[in-house]
There are 2 protein chains.
Amino acid sequence: MRYAVPMAWDTAATRQALLDAGARQFAERGFAGARMDAIGADAGVNKERVYQYFGNKRGLFDAVLADRLGDLLGAAHAPSPGSGAAGIAAYAGALFDRFAERPELARLLAWESLELDGAADAVARTARCASQADVLASALPGLSPAAAQQLLLSIVTLCAGWWTLARVSEMVAPGSDAPARRAVLVTQAEALARAA
Amino acid sequence: MRYAVPMAWDTAATRQALLDAGARQFAERGFAGARMDAIGADAGVNKERVYQYFGNKRGLFDAVLADRLGDLLGAAHAPSPGSGAAGIAAYAGALFDRFAERPELARLLAWESLELDGAADAVARTARCASQADVLASALPGLSPAAAQQLLLSIVTLCAGWWTLARVSEMVAPGSDAPARRAVLVTQAEALARAA
DNA sequence: CCCAATTGCAAACGGATGGTTGGAGATGCG
DNA sequence: CGCATCTCCAACCATCCGTTTGCAATTGGG
């Protein structure tokens with residue numbers, strides 16, 4: 001039959017468009033709530049292409065999580081060795097900024113934890129988290145690896161929390177906005193680093 | 001037609017059973033992922049009863065959130081006036097314990113933030129959060145109301161985070177378990193209180 | 001005891017939805 | 001240029017699912 005538009009090939013662009021649309025739709029509505037029709041429409045591609053490139057809805061979700069969250073913690077500017085609590089504070093600010101410029105990242109983290117029993121691309125991402133914890137350990141001489149992991153976990157939890165627990169934020173700190181929350185988190189990260 | 005079992009009335013029990021089943025199913029799968037058939041089966045009640053008592057699926061979800069999360073922060077043992085950073089630390093431990101004994105609470109908080117634009121029963125819950133922030137302010141003389149709100153928000157975010165960002169916890173702190181995480185959070189809450 | 005109102009159930013409805021199918025159009029190679 | 005293969009689309013399928021319907025059973029008041 002005649003199609004609405006001429007149908008040129010662009011395999012890489014189609015796949016990327018589906019990943020981008022999938023990221024938007026899964027961030028907004030989660031795995032269960034996202035609709036294949038909506039993903040296709042958002043991508044400007046027929047939804048049948050998802051099955052060709054990713055296998056099924058779950059395959060696309062895993063691909064989106066791996067693609068978007070693969071090096072989330074490393075994407076924020078890391079503290080320098082020996083930079084101490086100030087370096088950790090700056091890292092918290094940079095991570096918060098990362099979430100602020102791409103709020104779908106925090107939301108995808110939250111959906112992943114609620115809807116999946118295991119993280120997408122867990123082995124690679126766990127290795128990257130270990131590297132990032134090592135970076136924090138080198139910023140704070142004397143910090144054990146386990147303590148660095150706990151510190152990093154708290155910083156990520158606090159920074160992402162503005163988006164992952166947005167309703168809680170609205171009720172507990174109704175007068176706050178993102179810049180105010182960022183400032184508090186930078187101070188709190190420094191305090192956590194000092195106490196670590 | 002003949003029913004599978006005799007059909008006695010118990011209005012209050014039926015409503016409670018649906019709330020309890022709804023809490024379990026919504027905590028596990030979220031609003032979009034929960035199934036009305038499964039809620040009815042879990043409650044041991046015909047799913048049609050949800051429409052009689054709560055209007056529709058969304059009405060049940062709102063009722064569950066209001067019922068389970070209404071006084072979440074107050075349910076944990078509050079710090080005494082003037083009890084200082086130690087009181088805040090103990091409060092963090094109590095809140096973590098609250099989440100540990102009823103992990104559906106943290107998950108419901110997260111689903112609410114991801115799936116709704118506004119919290120259920122927001123006015124009442126915001127008032128309760130303000131009261132709880134006042135309790136923290138009285139525990140730490142000199143703490144401003146806004147700073148108390150930010151401190152409370154960070155404590156809630158950190159305590160709930162073990163469940164709301166469970167996959168992140170597994171990747172960032174793979175060797176940690178709940179008791180270890182609890183101990184770190186108690187220490188971290190004390191550090192945050194000192195810096196507030 | 002009778003009857004109106006209420007509660008509860010099984011079955012059905014209409015629309016939604018993930019996934020599949022058949023075929024058109026594009027590409028690349030001989 | 002012809003043909004095999006690949007990419008893409010529109011339409012369809014089978015099942016799912018929130019909600020409604022018709023009626024049975026229970027309850028309580030006169």
Side-chain angles (χ1 to χ4, degrees), chain A residues 1-65 111-112 115-116 120, chain B residues 1-65 111-112 115-116 120:
Chain A
M1 68 289 266
R2 303 292 291 183
Y3 298 113
V5 293
M7 185 173 51
W9 284 27
D10 196 338
T11 309
T14 300
R15 190 174 194 283
Q16 190 60 52
L18 287 170
L19 275 175
D20 292 345
R24 287 189 289 272
Q25 295 291 325
F26 287 131
E28 176 65 25
R29 299 172 183 279
F31 176 75
R35 297 285 171 258
M36 300 301 287
D37 276 338
I39 291 171
D42 194 332
V45 165
N46 196 274
K47 68 174 176 175
E48 178 276 330
R49 293 284 79 200
V50 171
Y51 301 91
Q52 175 64 30
Y53 288 106
F54 301 98
N56 55 22
K57 185 182 185 185
R58 174 61 195 270
L60 176 61
F61 189 45
D62 281 345
V64 163
L65 294 175
W111 288 116
E112 179 180 49
E115 298 189 289
L116 301 186
Chain B
M1 68 287 266
R2 304 293 291 183
Y3 296 115
V5 294
M7 184 173 48
W9 283 25
D10 196 338
T11 309
T14 300
R15 190 173 193 284
Q16 190 60 52
L18 287 169
L19 275 176
D20 292 344
R24 289 188 289 270
Q25 295 290 326
F26 286 129
E28 177 66 25
R29 299 173 182 279
F31 176 75
R35 297 286 170 259
M36 300 301 288
D37 275 336
I39 291 171
D42 194 332
V45 164
N46 196 274
K47 66 176 174 172
E48 177 278 329
R49 291 284 80 199
V50 172
Y51 301 91
Q52 176 63 30
Y53 287 105
F54 301 98
N56 56 23
K57 186 182 185 185
R58 173 60 195 270
L60 177 61
F61 190 45
D62 281 344
V64 163
L65 294 175
W111 287 117
E112 179 180 48
E115 299 190 288
L116 301 186

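Sequence lines set the chain letters: A, B, ... in the order given, protein chains first and strands last, and positions in each chain run from 1.
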Margin query: Distance check needed: dC29(C) C1' versus Trp9(A) CH2, whole Å only.
Written below: 12 Å

Margin query: Between Asp20(B) and Arg24(B) (salt bridge meaning N to carboxylate O under 4.0 Å), is one present in this structure?
Written below: no

Checklist line | From NZ (Lys47(B)) to CG (Asp42(B)), nearest 0.5 Å | finding: 14.5 Å

Checklist line | Check: Asn46(A) side chain, Arg49(A) main-chain N or O, donor-acceptor pair, under 3.5 Å | finding: no

Item checked: Phosphate contact (dG8(C) OP1 or OP2) by Asn46(B) side-chain N/O below 4.0 Å -> no

Check: Donor-acceptor pair under 3.5 Å: do we get one between Glu48(A)'s side chain and the base of dC8(D)?
Finding: no

Notebook entry, point to check: Can you give one letter per nucleotide of nucleotides 13-18 of chain C, going 5' to 3': B for a protein heavy atom under 4.0 Å from the base, S for sugar-phosphate only, - for none?
Noted result: ----SB

Note to self: Using whole Å, what does the distance between atom P of nucleotide dG8(C) and atom CZ of Arg49(B) come to?
What the structure shows: 5 Å

Check: Rounded to the nearest Å, what distance is computed from the CG atom of residue Asp10(B) to the C1' atom of nucleotide dC9(C)?
Finding: 16 Å

Check: CZ of Phe61(A) versus P of dG19(C): gap in Å, rounded?
Finding: 14 Å

Margin query: So, taking the atom named CG in Asp37(A) and the one named CD in Gln25(A), what distance separates them when rounded to the nearest 0.5 Å?
Written below: 10.5 Å

Check: Do Leu116(A) and Arg58(A) come within less than 4.5 Å of each other through their side chains, counting heavy atoms only?
Finding: yes

Checklist line | Spacing of OG1 belonging to Thr11(B) relative to CD belonging to Gln52(B), to within rounding of 0.5 Å | finding: 9.0 Å

Next item on the list: For DNA chain C, find the residues of residues 11-19 of chain A with a heavy-atom distance under 4.0 Å and give them by number; none if there aren't any.
Entry: none

Check: Which comes earlier along DNA chain D counting from the 5' end, the contact point of Met7(B) or that of Arg58(B), where each point is its nearest nucleotide?
Finding: Arg58(B)

Notebook entry, point to check: OP1 or OP2 of dT7(D) sitting under 4.0 Å from any side-chain N/O of Tyr53(A)?
Noted result: no

Next item on the list: Write down the distance between CD (Gln52(A)) and C1' (dC6(D)), rounded to a whole number of angstrom.
Entry: 8 Å

Check: Taking C-beta and beyond as the side chain, do Leu60(B) and Tyr53(B) meet within less than 4.5 Å on heavy atoms?
Finding: no

Margin query: Working to the nearest 0.5 angstrom, can you tell me the gap between Arg29(A) CZ and Trp111(A) CH2?
Written below: 9.5 Å

Notebook entry, point to check: How is Val45(A) classified with respect to the nucleic acid when contacts are heavy atoms under 4.0 Å: base, sugar-phosphate, or nothing?
Noted result: sugar-phosphate

Next item on the list: Would you mind reporting whether Lys57(A) and Phe26(A) have side-chain heavy atoms less than 4.5 Å apart?
Entry: yes

